[in-house]
Each structure stands twice: as C-alpha cells, then as structure tokens.
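On a predicted model such as this, the values are computed, not experimentally measured, just so you know.
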Amino acid sequence: MRCPHGRTGHLALAASLSACRQAAREALDKWPSGDGTFLSPDQFSLTTRLTRGKRKTYVFLTITKGLNDAVVENYVAAAIMNAVDDRGILKAEAQLSGARSHPNLLFVFGDQWRAQAFGYAGDVNAATPNIDRFAAQSFNFTTAVANTPVCGPSRASLLTGQYPLKHGVFVNDVPVRPTCTAFGEALAGEYDTAYIGKWHIDGHGRSAFIPRDRRLGFDFWRGFECSHEYFGSNYYADDGRLATWAGYDAISQTDEAIKYISEHKSERPFALFVSWGPPHSPYDQVPGDYKARFPADGIQVPANVPAHLIDRARRDLAGYYAHGAALDDCFGRLLEAIRDADLSDETIVIFTSDHGDTLQAHGSLSPKQQPWDESIRVPLLIRMPGANVTGQSGFPIGVIDLMPTCLGLCGLPVPAGVDGADRSGIVRGDVESPDEPALISNFVPFHEAARDRGGREWRAIRTTRWTYARDLNGPWLLYDNEADPLQSANLVDDAAAQPVRDEMDRLLWRELAKRADEFLPGDEYLQRWGYVSDAANNQVPNRF
C-alpha cells in the first residue's frame with residue numbers, strides 16, 4: 001500500500017510518520033484477519049520514503065501475516081488519508097496518543113571541538129566511528145563557523161541568535177542580556193525543554209547556582225556555569241541542590257540524558273540540550289583506557305604547526321583525541337537511546353561545538369579567539385527524522401544561525417530581534433545556498449589571547465573559499481582556503497591577490513555596517529557595558 005500526501009519540505013517528517021503509523025494502527029485494530037482475529041503490531045510494518053523531486057512523502061504498509069491483499073491496503077490507505085491532514089499531522093491529534101505536532105530535538109555540543117578532528121573529516125588521528133556513521137546519515141555544513149570563537153560569546157550567540165554587541169557577552173564571565181526571545185524560550189511553548197552540562201553565560205560566578213529565571217527557557221536543569229575539572233565535577237539540579245557527577249562528567253551527563261529520553265515519550269515533544277565540557281583543555285583529564293589509545297609519539301601533527309611546538313602539539317593532541325573518542329562513545333549511546341525509545345523517526349539530532357582549538361597551529365599559543373580555521377570552524381551535522389535527508393553544503397553558516405535554523409526545522413517561528421538567519425531551507429533542499437559570508441569577530445583580546453600573548457581586536461569574514469581579516473591597523477590576513485587548506489600562505493600583501501583583498505574588504509565593511517559594529521578598541525566596549533577588567537589581560541573578574 002502506498003499512501004502519498006503532499007509536503008512542502010522535509011520538516012515534519014517525524015510528525016507525518018507518527019501520524020500515519022497511528023492512523024494505520026487505529027485502522028488495523030478494527031480489521032479482522034482471516035481467522036477472525038485482529039492484526040497485531042508485529043504483523044505489519046510501516047516505513048517512509050521521501051521523493052526529493054516531487055516533494056512527497058510515501059508511507060509503505062507491509063502485512064507480514066493475515067490478509068495481504070488490496071482490500072486491506074485500500075482500507076488502511078483510506079483510514080490514513082481520512083485521519084491525516086495535508087501537513088501529515090493527525091486531525092484528531094488531541095484524541096489519539098503518540099502523535100506530535102513537532103519533532104523532538106536532541107542538540108549535542110562539545111566545547112572547543114574543531115571541525116577537522118573527526119574521521120569523517122579526514123583526520124587520521126581521530127577515532128570517532130559513531131559520529132562518522134552519524135555524518136553519513138546527516139546533512140553536513142562543512143564550513144560552519146563560530147562567529148566569536150571563544151566560549152561565553154559563542155554560547156550566548158548560539159542560545160539567543162544574536163551578535164555579542166546585542167546580548168552583551170563579548171568576553172567570558174559576564175551575564176547574557178538578550179533583547180529577543182531566547183532559544184529555550186522559543187521552544188518552551190511547544191516543547192518540554194531540558195539542559196544538561198556546561199552553561200557559561202550567566203556571569204554571576206563560575207560556581208554560582210543559576211536560578212530558573214536566568215536559564216533562558218530551559219525547564220529540566222542539570223547545569224553548571226563553568227568548570228574544567230572533568231572528574232567529580234559539580235552541577236545543580238532544579239531545586240538548587242549542589243550535586244557531583246560521578247567519574248568522568250561527560251559520561252555521567254550522558255547517563256542523565258539517556259534517562260531523560262527514556263522517560264519522555266508523551267505527546268508533547270522534548271528539546272534536550274547536552275553540553276559537554278571536553279575536549280576543551282585540560283587534555284590529560286580523560287579516562288585512562290581512552291588515554292592509552294593515543295600515545296603522543298603516534299600522533300601525526302599538521303604541517304602548519306611550527307617545529308619548535310611539535311612536541312607540545314603531540315602531547316596536547318593525544319589528550320584531545322582521547323577526549324574525542326570518549327565523547328564519541330557517549331554520542332553513540334545517545335543515538336542508541338533514541339533508537340531504543342523508538343524515536344528515531346520522530347527526532348531531529350544536531351551535533352556541533354561552540355568553537356574550535358588551534359592546538360599550536362600557526363604557532364598560536366591561544367587555542368581560540370583567532371580567525372584561523374582551527375579556531376573558528378566547528379562540526380555541524382543535522383540528522384532529520386528517519387535519516388532521510390543527507391548531503392552537504394560549503395555555505396559558511398554561523399553559530400549565530402543555529403537557533404533560527406533549528407526553529408525552522410522544528411516548524412516554529414523565529415522571534416523578532418534575532419540576528420541569525422533560518423537556513424533550514426538549505427537542509428530541506430528547498431533553496432540554494434546563498435552567496436553570503438559569515439562575519440567573525442574578536443571584540444576584546446583577553447585571557448589566553450591577551451595582548452601580552454599576541455592577542456588583538458579583529459574582524460573577519462569567511463566565505464566558502466576565502467578568509468579575510470583586518471585588525472585595528474588595517475588588512476591582516478587573506479587565505480585561499482581551496483588552494484591552501486592549512487592557511488599557510490597569507491596573501492594579504494600579494495599584488496596578484498589585490499582585487500580579491502579589495503572585494504573581501506568591501507564585504508567585511510558591508511557586514512559590519514549591517515550589524516552597526518564600529519570596530520572600536522576593546523576597551524571602548526568594556527566601558528560602554530560597565531565591565532571591569534584587570535589591566536594585565538582584560539579578563540573580566542567574576543564579580544556579578
């Protein structure tokens with residue numbers, strides 16, 4: 001039996017499948033088999049297939065026992081078409097259990113996990129088989145970037161869809177002040193919302209409890225502002241009780257997420273965010289069995305790491321890949337939990353990171369706050385329900401776009417005041433990737449990228465092919481990322497590249513004008529927002 005119903009995209013495939021399954025089961029419950037009994041769930045199966053050209057979803061019914069003829073098939077087809085509207089959602093949803101108007105959302109992100117550090121991305125050091133398999137089932141944005149590549153600013157942009165000069169987090173350890181409906185708040189009207197793990201945008205002290213009114217719409221809470229002690233780290237539950245994660249915290253956080261998934265099978269969909277602290281340094285705080293798999297002398301170091309830093313890079317990279325392997329196992333367990341709960345056809349799964357890590361590339365001793373790809377590029381894999389939407393795009397999507405894109409995929413409106421753009425049409429195949437650059441910024445050089453460590457204010461754009469950056473003194477970097485993927489040859493002063501530099505500079509100033517960014521010295525922004533920093537490295541103390 002083939003039952004087509006028109007679709008405008010891939011978005012509500014989970015709701016469609018759930019709705020059609022429910023309608024089919026309702027029909028089959030009423031249909032007698034040959035011996036006078038009724039067909040049970042193990043006597044039929046339902047699958048879907050998406051025909052990309054015609055934009056139609058087909059539900060296939062196979063009867064494995066009992067009456068396997070056109071009478072049954074037509075009966076069930078009529079029942080489905082009668083029960084499901086033109087969006088694939090049950091008309092009588094309130095009276096039929098198991099049908100959801102929106103797909104579940106599982107949003108998983110690590111801290112400082114660069115886009116290059118995966119098997120599917122070609123890294124020979126990485127051991128990420130679960131994520132690699134997931135990538136084959138997903139839509140891959142191969143040039144996803146952190147618009148401000150450092151923890152607090154990037155996380156605040158991810159959770160608000162706004163640029164730092166709007167939400168106020170352009171350095172670490174200051175409070176987010178969104179001027180729009182935030183991610184969790186936008187989901188909360190239709191979803192049960194949950195957040196597990198690192199937060200780092202509250203700004204009231206790294207160990208302080210974050211009350212409900214400062215959680216940006218997340219209800220279920222197992223969060224902590226910031227800690228990079230990965231064994232026996234602390235967290236707070238909903239009631240303000242301080243608790244401790246057992247062992248390596250990412251594993252315990254994954255356990256908590258699995259428990260949440262197993263307990264949420266209601267009609268109301270869930271949006272679960274899992275935020276791991278690794279593979280951020282310290283690179284040696286990783287379970288011993290994973291550490292043993294990555295001896296430093298076996299690590300292949302990229303060619304853009306200078307000779308005097310190779311030994312340090314090997315040590316750091318060994319721990320980095322060990323963290324990655326541990327998290328890969330955690331991610332595999334989350335996917336298994338979705339399968340075990342029979343939610344694979346009803347859940348969007350997103351995997352990403354807040355920013356990357358240079359790990360001594362380009363001679364940098366700062367892992368982030370740099371315009372190089374190791375610092376700015378992040379993984380972004382989106383698996384739609386049923387794993388029916390695959391492919392990739394080199395469009396430079398930003399972390400700033402994740403909130404509106406996720407809302408678009410979930411069938412929810414994007415709130416007013418959001419700076420990011422809804423790129424869900426690229427995922428669904430409804431629109432071509434636009435010819436737009438991603439704006440990337442470092443507003444204040446601080447901490448590991450403080451001025452005494454070579455840090456500077458800069459603004460940059462990343463296109464599919466080019467990276468261009470300027471600091472307060474003028475043009476600074478220009479890379480042809482197709483010809484020079486390791487960004488070893490700075491073309492900013494190359495006469496032959498002058499036309500490209502001029503065009504990139506024009507695009508950069510256009511993007512800054514759109515965001516009302518005056519590109520001022522960092523101290524100006526600190527003073528405007530009333531942030532007090534120490535003179536040594538512009539690190540803002542935890543005084544809130």
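- For Q369 (side chain) and F446 (main-chain N/O), a donor-acceptor pair under 3.5 Å exists by modelled atom type.
- For L477 against P371, the heavy-atom pair with the smallest separation is CD1-CG, 3.5 Å.
- The cationic atom of R222 (NZ for Lys, CZ for Arg) does not lie both less than 6.0 Å from the six-membered ring centre of W245 and within 45° of the ring axis.
- With salt bridges taken as basic N to acidic carboxylate O contacts below 4.0 Å, none links K259 and E256.
- The distance from atom CG of N172 to atom SG of C226, rounded to the nearest 0.5 Å, is 7.5 Å.
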Test side-chain contact (heavy atoms from CB on, under 4.5 Å) applied to N481 and T467, step by step: CA-CA 7 Å; N481 299 306; T467 296; 3.0 Å; yes

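- Salt bridge absent: D373 and R114 never bring a charged side-chain N and a carboxylate O closer than 4.0 Å.
- Taking 4.5 Å as the limit, some side-chain heavy atom of H228 sits within range of a side-chain heavy atom of K198.
- Side-chain contact between C410 and I348: present, with at least one pair of heavy atoms (C-beta onward) separated by less than 4.5 Å.
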Step-by-step side-chain contact (heavy atoms from CB on, under 4.5 Å) determination, N130 to D329: CA-CA 7 Å; N130 293 299; D329 283 348; 3.7 Å; yes

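- For residues 117-134, no residue pair satisfies the salt bridge (charged side-chain N to carboxylate O under 4.0 Å, His left out) rule, not counting sequence neighbours.
- Among all heavy-atom pairs drawn from R333 and I251, the shortest one is NH1-O, 3.9 Å.
- Residues E448 and R453 are not paired through a salt bridge, judged by the lack of any N-O separation under 4.0 Å between the basic side chain and the carboxylate.
- In summary, the side chains of H280 and K368 do present a donor paired with an acceptor at a separation below 3.5 Å, with no hydrogens or angles considered.
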From CA spacing to verdict: side-chain hydrogen bond (donor to acceptor under 3.5 Å, both in side chains), D255, Y260: CA-CA 9 Å; D255 293 340; Y260 182 91; over 6 Å; no

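- Here the straight-line distance linking atom CG of D284 with atom CG of D316 works out to 9.0 Å at 0.5 Å rounding.
- Using a 4.5 Å heavy-atom threshold, the side chains of P279 and L327 count as touching.
- Here the CZ atom belonging to R501 is positioned 10.5 Å from the CG atom belonging to D494, to the nearest 0.5 angstrom.
- I261 approaches I338 most closely through the heavy-atom pair CD1-CD1, 3.9 Å.
- Ion pairing between D480 and R465 holds under the 4.0 Å rule for side-chain N and carboxylate O.
- In this structure, R293 does not pair ionically with D289, as no charged nitrogen and carboxylate oxygen lie closer than 4.0 Å.
- Side chains of W458 and F443 form no contact here, defined as non-hydrogen atoms less than 4.5 Å apart.
- T148 and S441 share no side-chain donor-acceptor pair at under 3.5 Å.
- A centroid separation of less than 6.0 Å is found between the aromatic rings of Y230 and H323.
- Put simply, the side chain of T358 gets close to the backbone of S366: a donor and an acceptor are under 3.5 Å apart.
- Listed by first and then second residue, the salt bridge (charged side-chain N to carboxylate O under 4.0 Å, His left out) pairs involving residues 155-164 are D111-R155, R155-D354 (not counting sequence neighbours).
- The closest side-chain donor-acceptor pair between R423 and T405, if any, does not fall under 3.5 angstrom.
- Side-chain contact annotation: T128 with D328, donor-acceptor N/O pair under 3.5 Å absent.
- A donor-acceptor distance shorter than 3.5 angstrom exists from the side chain of N442 to the backbone of R456, with no hydrogens or angles considered.
- Taking a 6.0 Å sphere around CD of E432, one finds it holds 12 or fewer heavy atoms contributed by other residues, nucleotides or ligands.
- E185 places a side-chain N or O within 3.5 Å of a backbone atom of A182 that can act as its donor or acceptor partner.
- Proximity of the aromatic rings of W276 and Y248 is defined here by a centroid distance below 6.0 angstrom, and this criterion is not met.
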Pair E374-Q116, side-chain contact (heavy atoms from CB on, under 4.5 Å): steps then yes or no: CA-CA 7 Å; E374 291 86 357; Q116 299 93 326; 3.7 Å; yes

ring-ring contact (aromatic ring centres under 6.0 Å, His included) between W113 and F118, worked out: CA-CA 9 Å; W113 206 343; F118 300 89; 4.8 Å; yes

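- When ring centroids are compared, F273 and F183 come within the 6.0 Å threshold.
- The nearest pair of heavy atoms linking G408 to D422 is CA-OD2, 3.6 Å.
- With D219 contributing its side chain and T193 its backbone, the two residues share no donor-acceptor pair below 3.5 Å.
- At least one side-chain heavy atom of L402 sits less than 4.5 Å from a side-chain heavy atom of F107.
- Once rounded to the nearest 0.5 Å, the distance linking CG of N147 with CZ of R462 reads 13.0 Å.
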Stepwise ring-ring contact (aromatic ring centres under 6.0 Å, His included) test for F351 and F134: CA-CA 9 Å; F351 174 76; F134 178 77; 7.1 Å; no

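- Put simply, the side chain of R206 does not reach to within 4.5 Å of the side chain of S227, judged on heavy atoms.
- Remark: I350 CD1 to S138 OG distance equals 10.0 Å, nearest 0.5 Å.
- Put simply, the side chain of L343 reaches to within 4.5 Å of the side chain of N104, judged on heavy atoms.
- T352 places no side-chain N or O within donor-acceptor distance of the main-chain N or O of L380, the cut-off being under 3.5 Å.
- Ring pair H264/F270 is perpendicular by interplanar angle, where above 60° counts as perpendicular and below 30° as parallel.
- A salt bridge does not link R215 to D202: none of the charged nitrogens lies less than 4.0 Å from a carboxylate oxygen.
- Checking side-chain atoms of N125 against main-chain N and O of Q300 turns up a donor-acceptor pair under 3.5 Å.
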Residues Y195, F220; criterion ring-ring contact (aromatic ring centres under 6.0 Å, His included); working and verdict: CA-CA 6 Å; Y195 195 97; F220 180 91; over 10 Å; no

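- Using a 4.5 Å heavy-atom threshold, the side chains of Y191 and P103 count as touching.
- The shortest non-hydrogen separation linking G394 to T142 is CA-OG1, 3.3 Å.
- Taking the centre of each ring, H167 and Y163 stay at or above the 6.0 Å mark.
- Between D419 and Q162, the shortest heavy-atom distance links the atoms OD2-CA, 3.4 Å.
- Residue Y479 holds its OH atom at 6.0 Å from CD of Q487, rounded to the nearest 0.5 Å.
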Check against side-chain contact (heavy atoms from CB on, under 4.5 Å), I400 and T160: CA-CA 8 Å; I400 199 85; T160 66; 5.9 Å; no

